[in-house]
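Take a look at the structure below.
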Amino acid sequence: MSSLKQFIRNVRSAKTIADERAVIQKESAAIRASFREESHDSGVRRNNVAKLLYLFTLGERTHFGQIECLKLLASHRFADKRLGYLGTMLLLDENQEVLTLVTNSLQNDLSHSNQYIVGLALCALGNIASVEMSRDLFTEVENLMSTANPYIRRKAAICAMRICRKVPDLHEHFLEKAKTLLGDRNHGVLLCGLTFAIDLCEAEEEDEEGPEGVIEAFRPLAGGLVRALKGLTTSGYAPEHDVSGITDPFLQVKILRFLRVLGRGDAATSELINDILAQVATNTDSSKNVGNAILYEAVLTILDIEADSGLRVLGVNILGKFLSNKDNNIRYVALNTLNKVVAIEPNAVQRHRNTILECLRDPDISIRRRALDLSFMLINESNVRVLVRELLAFLEVADNEFKPVMTTQIGIAADRFAPNKRWHLDTILRVLKLAGNYVKEQILSSFVRLIATTPELQTYAVQKLYSSLKEDISQEGLTIAATWTIGEYADSLLQGGQYEEEELVKEVRESDIVDLLTNILNSTYANQIVVEYIITATMKLTTRLSDPAQIERLRRLLSSRTADLSVEIQQRAVEYSNLFGYDQIRRGVLERMPAPEIREEQRVLGAPAKKRQSKILRGKSTKVSKPADHDLLLDLMGGSDAPVTSPTSNGSNTADLLADILGGGDSSTTSPAPAPSGQATNHSSIMDLFGSGGASPSPQPAQQSASASLDLLGGGGGMGGMGTSVPSSTASPAPPTAATPAHNVFNKDGLVLTLQVQRSGTNAQILARFRNDSNFDTFTNVGLQAAVPKSQRLQLSAINKSDLQAGDEGTQTLRIAALNGALPPKLRLRLRVSSTRDGNAVTDQVDWSEP
């Protein structure tokens with residue numbers, strides 16, 4: 001038999017897993033053989049159990065050594081008992097049947113004359129006690145709690161906590177003992193007694209059917225604990241309890257936590273502890289981490305009890321001071337606590353607004369997330385301009401995961417606190433330009449309704465939306481809102497208008513409008529819902545424009561869609577084309593829509609929704625998927641009568657933005673059946689001007705996928721990807737046309753990838769075409785990831801068709817912008833092409849340079 005040290009050395013020297021397994025199996029066999037020999041040498045048994053414990057740490061099976069641990073417990077030697085109890089706690093749990101054999105040994109050792117053996121028994125009982133053991137041995141533990149030895153008293157208190165957790169009915173037996181421990185002068189005993197008392201009180205709060213009156217029984221002891229805490233804060237240097245110049249911070253934190261439990265909901269106890277809380281908050285050194293721990297616990301106590309307002313302000317100021325700390329953990333804790341306290345002391349938190357906004361620029365994403373949640377809760381009528389301006393600046397550089405929540409919350413805040421409608425319109429327009437692909441349909445619906453109900457801003461809105469759409473057609477939300485507005489108010493756009501504070505709007509010709517819509521339809525951004533809106537806008541324009549040549553262009557555009565693959569688009573295009581034979585009916589049907597009636601319950605500022613909104617803006621819910629936000633956004637759409645489809649696995653369903661205009665809250669949307677992969681669900685109510693059917697929402701297009709984290713030139717990073725947006729001030733290049741030369745990049749097993757590059761100044765747009773050249777094979781989950789050098793920024797859209805049958809073609813768009821200077825003469829890309837054929841997923845990597 002080898003020693004434990006030699007066994008560990010042999011395991012560590014194994015060069016392979018197989019060698020290690022052989023060593024372990026050999027040693028396990030030797031241990032089993034030794035157990036069968038029934039050796040009476042305690043040294044051999046102790047050595048074997050020690051090896052078993054090492055095997056346990058390696059995750060090996062050790063059940064065969066349980067009885068040997070019990071034999072060690074029966075030994076009279078301290079070394080045997082120590083190892084036996086350690087093995088019992090590790091190898092056994094309360095569900096093991098063999099545990100019943102331990103009760104007798106525990107009972108004998110709890111009455112042992114050696115304090116260390118009693119301590120071993122208490123420690124083991126506190127770890128593995130079952131309900132039966134707790135009932136059998138609680139009297140011994142109860143007696144030990146009043147012994148003169150402080151070493152045993154503190155271990156007995158922790159063991160009693162385990163027993164009360166297992167058998168709550170026994171708390172009455174320990175209550176008086178616990179009260180006695182809270183007056184103990186020994187710091188260790190007092191610390192364990194407080195832990196036991198807090199556990200009893202919290203069990204009473206959580207379990208309505210459990211023990212009652214525990215907190216009331218402890219409340220008379222609050223005065224003594226206040227004196228003890230005062231003694232700790234004012235005492236001089238105590239070497240046995242000093243931690244970084246502070247006397248026993250562990251005990252101070254535990255006393256503060258217990259005072260919080262006692263003062264919660266009780267004005268008299270809260271009044272008693274107010275003074276000591278103020279003293280702790282003002283006298284504790286915050287330059288060291290132990291001091292910050294005490295201050296944090298004091299702040300939690302201040303905010304949880306019935307403290308006066310001055311003390312609450314002091315607590316908020318301490319949290320504000322935490323925000324300027326260099327330690328990320330302290331800043332995170334402060335933001336997390338301020339999120340909870342802003343509803344109680346909003347004015348005190350407002351004083352730290354600038355510090356909170358600075359946290360939006362923190363490198364740590366968790367701190368940015370908490371600061372963002374808190375910033376939305378701080379918005380009110382007086383600061384909405386300042387805060388929304390800062391949030392828009394953050395939205396410009398925010399990670400993609402923040403954008404859906406940010407766009408929704410900014411829309412809610414603007415609708416609720418907007419100082420005027422002009423500011424409201426400009427704010428939502430800015431959101432659409434920065435993150436139009438992440439704007440929920442309810443915010444878009446509210447924006448459309450704002451334009452429809454504000455005649456004095458319709459000319460301004462249509463001009464701004466038109467110019468914004470000309471600059472960037474990649475943001476779906478902006479495209480939808482602008483298309484609807486242009487279709488509805490094109491006559492105002494053509495007439496023009498001038499605002500003193502705005503630059504002179506350039507003259508817009510009828511041909512410019514038709515050209516813009518045609519360019520969008522021919523671009524890769526024209527998904528099904530965008531095409532549906534453009535088709536309807538096109539039909540409206542036939543009554544808004546006066547040039548016969550442009551009307552004829554619009555008619556041909558509609559005719560070109562009568563054979564569209566989408567049944568919905570095809571049906572509407574045919575219906576609209578047929579209307580050209582009935583001019584009188586056509587002009588009547590396509591008249592400008594009347595402004596919707598906004599009932600009081602439909603307004604964000606209305607009384608029925610006010611409570612729900614304030615709950616959201618106070619931070620009870622910051623994710624739009626939660627019910628409170630869902631209800632609030634329902635109000636934005638047009639009343640609680642209209643059910644909104646819930647998100648599916650394919651993305652958020654986009655409800656009809658015209659529903660409110662067509663009928664306010666009476667319109668309804670129904671959940672569509674799951675669409676086949678790569679296809680869009682029919683969106684049947686967008687252009688249902690004839691009232692022929694119910695509304696059926698289309699799924700929102702998939703958000704742009706993230707690019708692979710690849711470093712093209714071998715550096716440490718700096719590649720572009722979705723998640724890095726191109727600045728809106730840069731001009732977007734024209735989409736590649738059929739005349740642009742196509743470069744073959746990838747050809748494998750029938751899957752062909754070509755790239756078409758179109759440059760414009762410091763930007764370039766690349767159209768990637770996937771084609772299935774095989775005769776019978778089908779490729780699914782086709783996709784492209786890309787990386788560019790660190791001097792460039794990449795924006796990658798989703799593929800329009802990820803499943804390719806034989807002869808099918810799918811497209812995906814890449815936009816590249818130079819961060820400094822101009823793009824190089826030849827673009828360089830690292831591409832990763834992924835696809836699945838016959839159930840086998842394949843990923844290929846290609847380095848491509850522009851010829």
Side-chain angles (χ1 to χ4, degrees), residues 78 81-82 85-86 88-89 105-129 133-134 137-168 170-203 214 217-218 221-222 224-229 231-232 235 238-243 246-259 261-262 290 293-294 297:
F78 177 75
K81 284 186 177 292
R82 183 176 61 181
Y85 275 119
L86 178 60
T88 301
M89 286 186 286
S105 297
L106 284 172
Q107 191 167 17
N108 293 334
D109 289 340
L110 287 174
S111 57
H112 203 279
S113 58
N114 187 326
Q115 65 171 353
Y116 298 110
I117 292 179
V118 177
L120 286 174
L122 287 170
C123 187
L125 184 60
N127 277 279
I128 63 173
M133 291 177 67
S134 300
L137 301 175
F138 80 90
T139 53
E140 284 78 2
V141 177
E142 182 184 356
N143 294 332
L144 291 175
M145 289 179 68
S146 55
T147 186
N149 191 329
Y151 173 81
I152 295 178
R153 288 205 305 277
R154 65 173 184 256
K155 285 187 176 291
I158 301 301
C159 184
M161 184 172 70
R162 165 82 177 205
I163 291 175
C164 287
R165 285 180 178 176
K166 286 294 171 186
V167 190
L170 296 177
H171 86 281
E172 298 175 355
H173 297 272
F174 294 98
L175 193 56
E176 292 301 320
K177 301 288 184 180
K179 291 167 67 176
T180 305
L181 293 179
L182 295 184
D184 204 294
R185 298 181 64 84
N186 183 284
H187 283 209
V189 175
L190 180 55
L191 186 64
C192 294
L194 285 166
T195 304
F196 180 32
I198 291 172
D199 192 75
L200 287 176
C201 294
E202 290 179 346
V214 175
F218 282 121
L221 304 177
L225 292 173
V226 168
R227 289 190 294 272
L229 182 57
L232 290 172
S235 64
E240 67 273 20
H241 301 301
D242 183 82
V243 179
I246 295 178
T247 304
D248 205 342
F250 302 100
L251 183 56
Q252 290 192 47
V253 166
K254 195 68 74 171
I255 292 175
L256 287 168
R257 187 172 299 172
F258 189 51
L259 290 176
V261 174
L262 298 182
V290 288
I294 295 172
E297 203 66 40

Ring pair (Phe, Tyr, Trp, His ring centres under 6.0 Å) partners of Phe250, counting only residues at least two apart
none
Sequence-distant partners of Phe174, ring pair (Phe, Tyr, Trp, His ring centres under 6.0 Å), two or more places apart
none
For [X], which residues count as a salt bridge (charged side-chain N to carboxylate O under 4.0 Å, His left out) partner, sequence neighbours excluded?
X: Glu172; result: none
X: Arg82; result: none
X: Asp248; result: none
X: Lys81; result: Asp109

Rounded to the nearest 0.5 Å, how far does [atom2] of [Y] lie from [atom1] of [X]?
X: His241; Y: Thr247; atom1: NE2; atom2: OG1; value: 8.5 Å
X: Leu125; Y: Met133; atom1: CG; atom2: CE; value: 5.5 Å
X: Ile163; Y: Ile158; atom1: CD1; atom2: CD1; value: 12.0 Å
X: Lys155; Y: Cys123; atom1: NZ; atom2: SG; value: 5.0 Å

Checking side chain to side chain contact (heavy atoms under 4.5 Å, CB included) between Leu122 and each of Leu144, Leu137, Asn127, which is the one that passes?
Leu144
Any donor-acceptor N/O pair, Arg154 side chain to Leu190 backbone, under 3.5 Å:
no
For atom OH of Tyr116, decide whether the heavy atoms of other residues, nucleotides or ligands shown that lie under 6.0 angstrom number more than 12.
no
